[in-house]
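Following: one structure in structure tokens, then a few remarks.
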Amino acid sequence: MTIHGLWVISKAGGLVFSRSYSDILPPQPVNTILTLAGILHGIHAITAKLTPTPIPGVPVGGLESFEAEGWGGKVFLTPTGTKFVLLHSIPQTGLDDLMKRIYEIYSDAVMKNPFHTPEMPINSSLFETKLQTLMSGVNA
């Protein structure tokens with residue numbers, strides 16, 4: 001099981017956090033990652049509108065995962081509209097639990113920080129330290 005990277009995309013579609021946790025996928029320039037995150041945000045919005053018959057009381061989620069040759073991505077949409085995109089190797093198990101743990105870390109380290117402004121880049125050493133610890137355990 002290998003986690004390659006994590007992107008956090010704001011409600012408006014801007015990339016607010018990006019980290020790589022393995023050397024398997026080739027490194028990309030920052031502008032490429034920004035473009036890919038924006039495209040993914042657009043695809044997520046379109047797929048949310050394509051739901052044939054929404055169930056009353058159940059939020060429409062849109063794109064939940066995608067796959068490429070040897071790797072894939074899992075998308076987790078928070079109640080506030082923030083998206084977490086986890087890039088991982090295939091096959092991968094336990095992604096839902098991992099995404100919930102990442103969201104818990106985000107809630108504790110970022111959202112409870114009175115100096116953090118939503119929609120702005122995440123600059124929290126506590127968030128990065130806790131994520132690095134989690135990813136080291138997963139990638140071991």
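When reading the values below, keep in mind they use all heavy atoms of this one structure, side chains included, and skip hydrogens, waters and symmetry mates.
- Counting only heavy atoms from C-beta outward, the side chains of F17 and Y106 never approach each other to under 4.5 Å.
- Evaluation of the salt bridge (charged side-chain N to carboxylate O under 4.0 Å, His left out) test over residues 122-137, restricted to residues two or more places apart or in two chains, returns R19-E128.
- To the nearest 0.5 Å, the span separating CG on D96 from NZ on K74 amounts to 4.0 Å.
- Put simply, CZ on F76 and NZ on K83 are 12.5 Å apart, with the number rounded to the nearest 0.5 Å.
- Between the CG atom in N113 and the CG atom in N123 there is a gap of 10.0 Å [rounded to 0.5 Å].
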Report task. Decide yes or no on side chain to side chain contact (heavy atoms under 4.5 Å, CB included) for V8 and L15, but give the supporting numbers first. Result -> CA-CA 6 Å; V8 180; L15 184 69; 6.0 Å; no
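- In this structure, CE in M135 is found 11.0 Å from OG in S20, a value given to the nearest 0.5 Å.
- The hydrophobic clustering, which links ILVMFWY residues whose side-chain heavy atoms are closer than 4.5 Å, places L134 and V85 apart.
- Taking both residues in full, the closest heavy atoms of T47 and L63 are given as OG1-N, 2.8 Å, listed atom of the first, atom of the second, then distance.
- Residue I43 holds its CD1 atom at 11.5 Å from CG of L50, rounded to the nearest 0.5 Å.
- With contacts defined as side-chain heavy-atom distances shorter than 4.5 Å, the pair S124/H116 does not qualify.
- In the hydrophobic clustering of this structure, L86 groups with V16; members are Ile, Leu, Val, Met, Phe, Trp, Tyr whose side-chain heavy atoms approach within less than 4.5 Å, directly or through other members.
- S10 contributes atom OG, which lies 4.0 Å from atom CD of E119 (distance to the nearest 0.5 angstrom).
- At most 12 heavy atoms of other shown residues, nucleotides or ligands fall within 6.0 angstrom of atom NZ in K11.
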Report task. Decide side chain to side chain contact (heavy atoms under 4.5 Å, CB included) for S107 and K112; before the verdict, give the C-alpha distance in whole Å, the side-chain angles of both, and the deciding distance to 0.1 Å. Result -> CA-CA 6 Å; S107 298; K112 290 180 182 177; 5.6 Å; no
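- Residues W71 and L40 fall within the same hydrophobic cluster, defined by Ile, Leu, Val, Met, Phe, Trp and Tyr side chains chained together at heavy-atom separations under 4.5 Å.
- For the pair G5 and Y21, the tightest heavy-atom approach, listed with the atom from each and the gap, is CA-CD1, 3.9 Å.
- The hydrophobic cluster containing I105 also contains F84, counting ILVMFWY residues as joined when their side-chain heavy atoms lie under 4.5 angstrom apart, directly or transitively.
- Using a 4.5 Å heavy-atom threshold, the side chains of V138 and T2 count as separate.
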Query raised in the report: Are N139 and H4 close enough, and set up right, to give a side chain to side chain contact (heavy atoms under 4.5 Å, CB included), and what steps lead you there?
Result: CA-CA 9 Å; N139 286 342; H4 302 303; over 6 Å; no
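- Cluster membership check: I9 shares its hydrophobic cluster with L87, using side-chain heavy-atom separations under 4.5 Å among Ile, Leu, Val, Met, Phe, Trp and Tyr.
- L77 places a side-chain heavy atom less than 4.5 Å from the side chain of H44.
- Between I3 and S22, the shortest heavy-atom distance links the atoms O-CB, 3.9 Å.
- The side-chain contact (heavy atoms from CB on, under 4.5 Å) with Q28 is formed by just one residue from the set N31, T32, V30, L25; it is T32.
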